[in-house]
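Take a look at the structure set out below.
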Amino acid sequence: MIDIKRIRKEPDVIKEALALRNDNPELIDQILALDAKRREWVSQTDMLKAERNALSQQVAKQKAENRAADVSEWVEKSKIIGEQIKSNDEQVTLLESQQQAIVSLLPNIPSEKTPRGADESQNVEIRRWGEPRVFNFEPLPHWDLGPNLNMMDFERASKLSGSRFVVLKNKIAALNRALISFMLDVHTVEHGYTEMNVPHLVKRESMFATGQLPKFEEEAYRTDPDDYFLIPTAEIFLAGMHRDEILSEKDLPLKYVAYSSCYRREAGSYGKDVRGMIRVHQFEKVELVKYCTPETSFDELERLTADAERILQLLELPYRVVSLCTGDLGFGAALTYDLEVWLPSYQKYREISSCSNDTDFQARRANVRYRNAENKMAYVHTLNGSGLAVGRTLVAVLENYQNPDGSITVPKRLVPYMRGTEIIP
RNA sequence: GGAGAGAUGGCCGAGCGGUCUAAGGCGCACGCCUGGAGAGCGUGUUACGCUAACCCCGUACGUGGGUUCAAAUCCCACUCUCUCCGCCA
């Protein structure tokens with residue numbers, strides 16, 4: 001959520017930010033008009049309330065001095081003011097909700113570090129790690145490798161659940177599980193994150209707090225009679241966990257890691273990645289979330305990104321880091337680094353993690369504050385990143401570690417998690 | 001699903017029509033004391049809106065509505081938490 005005070009003070013900055021994100025800057029004028037009107041009503045109504053309070057005081061005082069005192073004049077006057085207040089309050093509430101409706105559609109302001117650009121093509125590569133493997137045979141895509149081993153079943157998945165689902169079997173299922181344990185171990189033991197296991201169903205307001213709602217409702221799965229949402233990422237829980245809380249500065253940064261399934265409708269991605277398990281409705285992800293002070297959040301983002309990169313390095317998967325440009329930035333993010341892993345089937349780097357600094361955007365929505373050194377309240381900054389998307393990591397392992405005979409070499413670090421299996425099958 | 005209890009400040013907890021932002025305690029901050037720390041003593045300490053800032057003023061005792069000149073306090077609905085029973089991995 002963007003601070004309304006900031007919108008009032010520097011509307012042009014916000015408008016420019018919206019334009020950079022290909023969003024509509026006219027929203028700001030609408031908000032300002034509503035805000036001015038609302039403030040006018042509020043101050044009118046405050047004056048009336050002050051007047052009524054004074055009258056009530058007088059009544060109380062009179063009654064205290066003399067129980068039989070005639071206070072009907074005050075009472076009559078107060079009654080009339082009361083009616084006025086009531087209708088004013090209704091007006092204020094209406095204006096408030098109208099204003100709120102628009103403000104909650106505004107995305108976060110990109111940071112100065114975010115490259116300017118209209119779309120994906122103008123994202124900026126920051127660094128590369130590792131060399132894409134040169135195959136001396138024709139490498140297969142994972143949607144052939146898996147089924148050939150009889151360990152990945154797209155047909156059964158779609159028979160039971162429809163398109164964009166996958167069933168893993170046998171050693172590939174085990175490899176998937178190994179990845180999860182491995183990632184959690186690295187982040188907890190080596191990087192100091194606290195492991196969390198979270199509900200996959202959350203209430204509507206939890207989706208609002210992290211910015212999924214109201215704008216992206218069509219992206220989410222919703223349960224009907226109870227209005228629960230299936231989480232599209234564990235971030236919903238981790239970043240919303242401290243809603244309406246006041247944290248102490250000495251506890252910051254808070255670092256959480258959670259493994260969860262993620263559920264996404266993938267509305268509007270009809271032609272994209274229809275083969276394989278790159279884009280499915282249900283996938284698994286290990287998610288990192290931090291809460292920190294505003295002063296440290298950009299440094300913390302560098303560290304969080306490095307933490308996610310560490311997984312790729314330990315698995316010896318070649319990747320690059322890309323800074324998303326303003327036009328490609330997610331709703332709540334001020335700065336985002338995507339990690340892209342090399343996939344032989346695409347002959348391209350493909351997103352496997354997205355690490356963002358949401359600054360105070362989510363903290364305002366979720367009302368997560370802390371007391372700073374001067375004992376003043378301030379909003380925390382929140383960060384999140386995948387560490388990593390498990391399904392896509394599995395794909396990357398299968399494709400990059402494939403052998404000419406269709407078998408898969410298990411990455412060294414995963415062997416202990418596979419009870420010693422070095423080659424699949 | 002059935003029965004009951006509850007929701008008050010950073011936390012615990014009192015208040016059950018006006019003098020209540022709200023006793024008391026804990027915590028926190030500052031001061032005194034101390035070689036230092038602790039204990040003890042003293043002072044201060046809700047947030048938000050409005051404001052350049054302060055003061056004033058307004059709002060807020062789970063949420064929404066109602067009664068009243070006036071609601072933390074009375075009434076209604078809802079949400080959530082807890083206890084017991086039922087069902088259940």
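Lettering follows sequence order; numbering is per chain, from 1.
N53(A) has a side-chain polar atom (N or O) that falls below the 4.0 Å cut-off from OP1 or OP2 of U59(B). Contact check, R52(A) against C57(B): no side-chain N or O comes under 4.0 Å of OP1 or OP2. In this model, the phosphate group of G49(B) is approached by a side-chain N or O of K5(A) to a distance below 4.0 Å at OP1 or OP2.
In this structure, the CE atom of M47(A) is 13 Å from the C1' atom of C56(B), given to the nearest Å. Atom pair E90(A):CD and U59(B):C1' shows a separation of 17 Å (rounding to whole Å applied). One atom, NZ of K9(A), and another, P of G49(B), lie 11 Å apart when rounded to the nearest Å. For the pair Y228(A) OH and C80(B) C1', the computed distance is 11 Å after rounding to whole Å. In this entry the distance linking CD of E205(A) with P of C80(B) reads 9 Å, nearest Å. Between the CD1 atom of I80(A) and the C1' atom of U68(B) there is a distance of 16 Å, rounded to whole Å. Between D244(A) atom CG and G10(B) atom P the separation is 11 Å, expressed in whole Å. Rounded to a whole Å, the NZ atom of K86(A) is 13 Å from the P atom of A71(B).
Here U21(B) sits opposite no nucleotide as a Watson-Crick or G-U wobble pair (both hydrogen-bonding atom distances under 3.5 Å). With a cut-off of 3.5 Å on both Watson-Crick or G-U wobble distances, the partner of G31(B) is given as C41(B). Pair assignment for C84(B): G2(B), on the basis of Watson-Crick or G-U wobble contacts that are both within less than 3.5 Å. Pairing of A89(B), defined by two Watson-Crick or G-U wobble distances under 3.5 Å, is not identified with any nucleotide. The base-pairing partner of A60(B), taking Watson-Crick or G-U wobble contacts with both distances under 3.5 Å, is U46(B). The pairing partner recorded for A7(B) is U79(B), the criterion being a Watson-Crick or G-U wobble arrangement whose two distances lie under 3.5 angstrom. C54(B): no Watson-Crick or G-U partner with both key distances under 3.5 Å is found in any strand.
If you take atom P in C84(B) and the same atom in G66(B), they sit 38 Å apart, rounded to whole Å. Comparing A3(B) with A77(B), their P atoms sit 14 Å apart, to the nearest whole Å. Going from the P atom of G6(B) to that of G15(B) covers 12 Å, rounded to whole Å. When the C1' atom is used for both G65(B) and A71(B), the distance is 14 Å, rounded to whole Å. Across the C1' atoms, G62(B) and C54(B) are found 34 Å apart, a figure rounded to whole Å. G1(B) and U67(B) have their C1' atoms separated by 35 Å, with the value rounded to a whole Å. For G64(B) and C26(B), the P atoms lie 34 Å apart once the distance is rounded to whole Å. Distance noted for atom C1' between C20(B) and G13(B): 16 Å (whole Å).
Using modelled atom types, one finds no donor on one side chain facing an acceptor on the other under 3.5 Å when comparing N170(A) with N150(A). In summary, the side chains of N176(A) and E284(A) do present a donor paired with an acceptor at a separation below 3.5 Å, with no hydrogens or angles considered.
Among the atoms of the strands shown, only primed sugar atoms or phosphate atoms (P, OP1, OP2) are found under 4.0 Å from some heavy atom of I246(A). Across all strands shown, R204(A) has no heavy atoms under 4.0 Å from either base or sugar-phosphate atoms. Across all strands, R369(A) comes closer than 4.0 Å only to sugar-phosphate atoms, never to a base (heavy-atom distances).
Take the nearest nucleotide of RNA chain B for D46(A) and for R39(A): the residue whose nucleotide is more 5' is R39(A).
For the ring-ring contact (aromatic ring centres under 6.0 Å, His included) with H242(A), the lone residue among Y370(A), Y256(A), Y379(A) that qualifies is Y256(A).
Salt bridge status for R364(A) with D3(A): present, with a side-chain N to carboxylate O gap under 4.0 Å. For the pair E217(A) and R204(A), the salt-bridge criterion is met [side-chain N within less than 4.0 Å of a carboxylate O].
With R8(A) contributing its side chain and L32(A) its backbone, the two residues share no donor-acceptor pair below 3.5 Å.
Between H281(A) and Y221(A), the ring planes lie perpendicular to each other; the angle is over 60°, past the 30° to 60° tilted range.
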